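We use all heavy atoms of the structure for the numbers below, so side chains are in, but hydrogens, waters and symmetry mates are not. All values derive from a computational prediction rather than experimental measurement. Proteins come first, then strands; the chains are lettered A, B, ... in the order of their sequence lines, and each starts at number 1.
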2 protein chains.
Amino acid sequence: MAVGRPRAFDADEALDKALVVFWRKGYDGASLAELTSAMGINPPSLYAAFGNKEGLFRRALDRYEEQQGCFIDEALAAPTAREAVERLLCNAASKHCEEGHPQGCMLVTAGLSGDEESSAIREELAARRKAGEDDIRKRLERAKREGDLPKTANPAALARYVTTVLRGMSVQAAGGATARELKQVAEMAMKAWPD
Amino acid sequence: MAVGRPRAFDADEALDKALVVFWRKGYDGASLAELTSAMGINPPSLYAAFGNKEGLFRRALDRYEEQQGCFIDEALAAPTAREAVERLLCNAASKHCEEGHPQGCMLVTAGLSGDEESSAIREELAARRKAGEDDIRKRLERAKREGDLPKTANPAALARYVTTVLRGMSVQAAGGATARELKQVAEMAMKAWPD
DNA sequence: GTGCTTATGTAATGGAAACTAAAAAAATTC
DNA sequence: GAATTTTTTTAGTTTCCATTACATAAGCAC
């Protein structure tokens with residue numbers, strides 16, 4: 001058993017609260033006052049548990065990908081590449097416009113701007129977006145090997161295209177687009193599919 | 001002639017300097033210290049000329065659309081809708097990755113996050129993005145009337161699709177994508193074109 | 001119970017943020 | 001040249017930011 005006074009809050013619950021604040025306001029926009037208030041704790045507890053604001057943000061990103069990113073693996077598990085991407089786009093259209101949480105993917109909305117030299121946050125987000133694109137590419141490479149995609153197909157380019165549409169959907173959602181509108185985009189995007 | 005002590009700086013030049021700072025760091029990320037330093041003036045001069053930070057930002061957005069948005073009208077002036085969109089996507093791929101200025105469209109990168117109730121900046125950016133989408137839609141509606149697009153085409157949906165790809169390209173560019181990669185995306189996106 | 005260790009609440013710290021008061025300076029008008 | 005108008009410079013102001021010192025509280029080992 002742990003020695004010392006036990007923690008009076010649940011770290012995961014607190015993280016979920018912090019996640020929503022970061023998602024809604026972005027990294028810079030989320031102040032420690034808002035975060036601690038939403039988490040129901042005081043600053044020293046936050047610092048003891050998560051190090052600092054940046055540490056808390058990274059943990060919140062992990063949590064975000066766990067909670068909200070599951071639909072991606074789910075979609076990519078579809079039997080064919082075409083179906084996988086279809087589901088990916090369609091699910092994203094729904095997810096990004098859901099009520100009850102901010103609109104658009106947090107990896108896009110939480111911070112796009114920043115200096116080259118400074119912002120570690122910007123780089124962290126870009127790296128995670130890249131990882132998402134890689135997952136799609138790998139699925140498409142597999143599909144090509146399995147003959148599910150034509151021999152002439154370019155998995156990397158296709159993955160980049162799909163990812164670009166996904167990122168665009170986040171921007172659209174953040175700007176107030178509806179799920180119906182984004183589903184229409186998904187449908188249209190699929191017309192570029194090579195068969 | 002104007003009475004009183006004449007302004008010692010050129011407002012448009014100063015605006016250009018401010019624009020670059022906002023573009024690079026976003027609205028929140030750009031501090032008044034950075035802005036005034038880049039503009040070569042002191043805070044009171046800024047406030048006298050532009051009202052406040054938000055006013056300066058809106059003026060910078062005007063300037064941005066004047067300077068960087070010209071390729072859009074240029075592209076939309078192409079004889080056919082297909083060619084117009086082709087040019088739009090291709091030009092965006094180049095523009096968004098150009099050296100010498102920040103990557104990605106400022107209307108996307110300067111601020112996606114923020115509260116529903118608070119951020120007027122977020123809304124301003126969303127409104128300008130919507131205006132861009134409307135321009136594309138209008139061009140496509142004309143094309144449909146002129147028989148340039150099939151009778152079954154849906155200009156609004158098509159414009160939304162194209163805009164979504166454009167927004168996605170901005171996110172990709174902000175994340176370090178190259179012009180070559182984005183041109184590939186543009187090419188792929190055109191495969192969805194209805195003919 | 002007494003130590004030991006860790007967490008908590010309060011309140012403060014230094015710094016940076018947007019913005020401005022006030023006086024000096026530079027032009028015009030009379 | 002004196003009065004007027006506007007800009008500039010300097011030096012603040014207030015507010016909020018992330019982060020932490022410090023004293024107290026709450027659990028375990030003995």
*What is the distance, rounded to the nearest whole Å, between atom CG of A:Leu35 and atom C1' of D:dA18?*
11 Å
_Gap between atoms CD1 and C1', on B:Ile121 and C:dA18 respectively (whole Å)_ = 14 Å
*Could you check how far CD of B:Glu54 sits from C1' of C:dA18, rounded to whole Å?*
13 Å
_Sugar-phosphate only, base, or nothing, as touched by B:Pro44 at under 4.0 Å among non-hydrogen atoms_ = base
*Does any N or O in the side chain of B:Asn42 come within less than 3.5 Å of the main-chain N or O of B:Pro44, such that one atom is a donor and the other an acceptor?*
no
_Pair B:Arg139 + B:Asp73: basic N to acidic O under 4.0 Å_ = no
*Can you say whether the rings of A:Phe22 and A:Tyr27 are parallel (under 30°), tilted (30 to 60°) or perpendicular (over 60°)?*
parallel
*Ion pair present between B:Glu83 and B:Arg87, side-chain N to carboxylate O less than 4.0 angstrom?*
yes
*Residue whose nearest DNA chain C nucleotide is more 5′ - A:Pro43 or A:Gly4*: A:Gly4
*Between P of C:dG9 and CZ of A:Arg7, the distance in whole Å*: 13 Å
*Which letter, B, S or -, goes with each nucleotide of nucleotides 12-17 of chain C from 5' to 3', with contact meaning a protein heavy atom under 4.0 Å?*
-----S
*Between B:Glu133 and B:Arg129, is a salt bridge (charged side-chain N to carboxylate O under 4.0 Å, His left out) present by the stated rule, with each step listed?*
CA-CA 6 Å; B:Glu133 181 175 322; B:Arg129 288 197 303 270; over 6 Å; no
*Figure out the CG/C1' separation between B:Leu46 and D:dT7, and round it to whole Å.*
13 Å
*Does A:Asn42 have a side-chain nitrogen or oxygen under 4.0 Å from the phosphate oxygens OP1 or OP2 of C:dG9?*
yes
*To the nearest angstrom, how far is B:Tyr47 atom OH from C:dA22 atom P?*
18 Å
*Look at all strands and tell whether B:Ala8 reaches a base, only sugar-phosphate, or nothing, counting heavy atoms closer than 4.0 Å.*
sugar-phosphate
*Mind checking what makes side-chain contact (heavy atoms from CB on, under 4.5 Å) contact with A:Ala173, not counting sequence neighbours?*
A:His96, A:Cys97, A:Gln103, A:Leu182
*In whole angstrom, what separates A:Phe22's CZ from D:dA18's C1'?*
12 Å
*Check whether A:Val165 and A:Leu140 end up in the same hydrophobic cluster, where Ile, Leu, Val, Met, Phe, Trp and Tyr are linked by side-chain heavy atoms less than 4.5 Å apart.*
yes
*What is the distance, rounded to the nearest whole Å, between atom CD1 of A:Ile41 and atom C1' of D:dA25?*
17 Å
_Check: C:dT6 base within 3.5 Å donor-acceptor of A:Arg5 side chain_ = no
*When all nucleic acid strands are considered with a 4.0 Å heavy-atom cut-off, which category describes B:Pro6: base, sugar-phosphate, or nothing?*
sugar-phosphate
